[in-house]
**Student:** 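Below: one structure in structure tokens.
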Amino acid sequence: KVVRQGALDYIVTVRYRTRDGSAKAQGRQASEDGEGDYIHAEGSLTFEAGEQEKFVDIKILDDYTYEDDEDFFVDLYDPKVIQELEDKDRNSKVSRDVEVQVDLGRLASARIVIIDDDMPGILSFEQEEYSFKDQPHDFVEELKVVRKSGSKSTIRCQYVVEGDSAIPGRDFEAVDGFIELEDGVTEALIPVKVLARGRYNTQLTFRVTISSITPASGATFDPTTDGGAESCIATVHIMPDKLQVERVDKIVSTLRHNWDKAKIGNDSWKEQFKAALYVNGGDGDDDEGDEEPPSILDWVMHIVTLPWKLLFAFCPPTDYCGGWLCFLCSLMMIGLVTTIIGDMANLFGCVIPSMENEITAITLVALGTSLPDTFASKAAAEQDPHADASVGNVTGSNSVNVFLGLGLPWTIASLYWWCRGDDPEWDLRYQFDSDLSFLGAPGKRSKAFVLKAESLSFNVIVFIACAACALFILAMRRRLFGGELGGPRIAKKVSAVAFTFLWLVYVVLSVMKIKGAL
């Protein structure tokens with residue numbers, strides 16, 4: 001079949017002719033017995049406008065002697081575009097060439113194979129070795145068995161799939177069976193199933209063997225292939241998928257990197273406990289003379305703070321989980337310390353006459369929770385060229401103290417009272433309280449966590465005013481001295497006095513409100 005593609009508006013002609021290969025045309029270099037294998041053909045094909053297909057008929061000569069498979073060729077050449085014009089005088093049509101380009105396609109020659117059908121043929125695999133790429137799921141591939149040098153009569157042969165370095169049932173499915181090639185059929189397929197196993201950088205091999213041709217009609221195996229004249233063997237290689245290998249390598253590299261970070265983290269965690277046990281975090285080695293020996297005050301502070309140092313040493317380093325584990329553990333430690341300091345301050349306030357809980361909260365509790373943050377901010381300001389870390393630590397840590405130190409206990413208490421049933425003490429204290437009408441009618445109120453605001457609104461207003469003044473001072477310091485912290489000696493002292501004064505104003509006004517003086 002000759003196929004035309006592209007523009008179909010013109011009449012096109014193309015010439016063809018046969019060309020000998022191992023097969024010879026009759027009357028032109030005929031074979032040894034004097035007979036040819038096919039009839040030589042030569043001519044032209046004309047495609048009318050809109051016509052896409054034409055056929056070339058070639059006659060194949062049959063004989064009754066055994067021969068190997070032979071081939072010859074059919075070549076296309078000299079394509080032309082023509083146009084028919086009417087001859088008015090002769091009342092007929094004439095053709096002329098038109099200057100429109102027409103080319104031969106990539107397949108300008110066809111190879112025709114003459115398969116000898118006078119013998120049962122010789123069996124072999126299409127190729128002796130196959131390589132299949134591993135896949136993430138089970139897959140089936142087909143091995144082609146070819147029949148050459150004859151295709152007469154129906155034959156059957158047995159095939160067996162057996163292991164080599166590949167293990168049956170784990171790497172492939174070990175099966176056996178028969179293939180049948182009917183009279184004139186020259187190909188058959190053997191399916192083999194490869195099992196998914198996630199192979200990494202390992203090449204495995206198994207074999208497929210065909211043998212025992214029946215009936216004994218003269219068909220044989222190709223003696224030049226693996227297996228000899230008695231059988232034919234195809235070797236199948238299961239190759240690892242390069243993309244999967246690269247992906248596994250990346251995962252291993254990441255795990256190795258994370259393991260190295262974990263080892264560093266383990267060493268850092270170990271060092272935290274060592275630093276907690278030694279004064280000033282030293283290793284206790286007296287041979288090093290660069291550092292001054294700890295003073296008596298250092299020893300006293302070490303003994304007093306040793307339990308806290310050991311407790312906080314359990315907080316993991318930032319090498320684990322990208323620092324999130326350290327962050328969460330630090331929050332829990334801060335919440336624990338805030339709770340302890342708050343309870344201790346409340347107990348201390350109870351033993352001081354005329355000191356209400358609100359006064360205790362804005363003085364002792366506030367100092368106890370804020371002084372550590374103050375010292376941390378001072379260290380951050382000294383070690384960093386900018387004030388961002390220092391100011392951020394003060395605001396952030398106090399926010400954590402408020403949201404975590406107060407918000408978490410209040411949340412737990414609210415859930416507790418929401419789930420709790422009848423409680424006579426709660427009823428006695430709040431069931432008929434006139435300030436709690438939003439909880440329902442007296443005597444029918446639902447349980448809730450109650451914490452009266454008292455002077456909280458006034459305290460918040462005073463705090464906001466003092467905070468606004470503090471921010472104004474920081475803004476003015478940036479305009480006058482180029483930074484929020486530091487600067488000239490007098491400016492530093494004036495700023496410190498101003499901030500202290502703001503704190504005293506807040507405390508004094510809040511205490512006066514609590515005592516009823518305002």
Side-chain angles (χ1 to χ4, degrees), residues 258-286 288 290-349 360-361 363-384 387-412:
N258 292 339
W259 175 248
D260 292 339
K261 289 182 62 177
K263 290 174 64 178
I264 295 174
N266 292 338
D267 295 337
S268 301
W269 209 344
K270 190 185 302 181
E271 290 298 325
Q272 288 182 188
F273 285 95
K274 289 183 179 180
L277 291 174
Y278 292 111
V279 182
N280 295 335
D283 57 1
D285 191 356
D286 297 334
E288 297 182 0
D290 297 339
E291 298 182 359
E292 296 182 1
S295 61
I296 296 177
L297 180 60
D298 293 333
W299 276 101
V300 172
M301 293 301 298
H302 175 69
I303 294 172
V304 173
T305 59
L306 181 60
W308 298 104
K309 289 183 178 180
L310 291 176
L311 175 63
F312 296 143
F314 283 98
C315 185
T318 57
D319 302 282
Y320 296 99
C321 303
W324 284 101
L325 186 59
C326 176
F327 175 73
L328 296 176
C329 291
S330 300
L331 285 182
M332 289 189 290
M333 295 289 184
I334 293 172
L336 176 63
V337 172
T338 303
T339 303
I340 294 175
I341 292 177
D343 290 344
M344 295 299 295
N346 287 330
L347 292 175
F348 184 72
T360 302
T363 55
L364 298 178
V365 175
L367 285 173
T369 56
S370 298
L371 277 178
D373 300 327
T374 303
F375 292 128
S377 297
K378 178 178 180 295
E382 293 174 345
Q383 297 174 6
D384 195 77
D388 297 346
S390 178
V391 177
N393 180 71
V394 169
T395 55
S397 60
N398 279 279
S399 299
V400 170
N401 289 342
V402 173
F403 296 142
L404 186 64
L406 292 179
L408 185 61
W410 286 2
T411 302
I412 296 174

**Student:** Please report the closest heavy-atom contact between L277 and L310, naming both atoms and the distance.
**Tutor:** CD2-CD2, 3.7 Å
**Student:** Could you check whether any side-chain heavy atom of C326 comes within less than 4.5 Å of a side-chain heavy atom of P317, counting everything from C-beta outward?
**Tutor:** no
**Student:** Give me the atom names and distance for the closest heavy-atom approach of F314 to M333.
**Tutor:** CB-CE, 4.4 Å
**Student:** Can you give me the closest heavy-atom contact between V394 and S377, atom names plus distance?
**Tutor:** CG2-OG, 2.8 Å
**Student:** Should we count CZ of F327 as having more than 12 external heavy atoms under 6.0 Å?
**Tutor:** no
**Student:** For a quick check under 3.5 Å, do S295 and D298 share a side-chain donor-acceptor pair by atom type?
**Tutor:** yes
**Student:** Which atom pair, heavy atoms only, marks the closest approach of P316 to L325?
**Tutor:** CG-CG, 3.5 Å
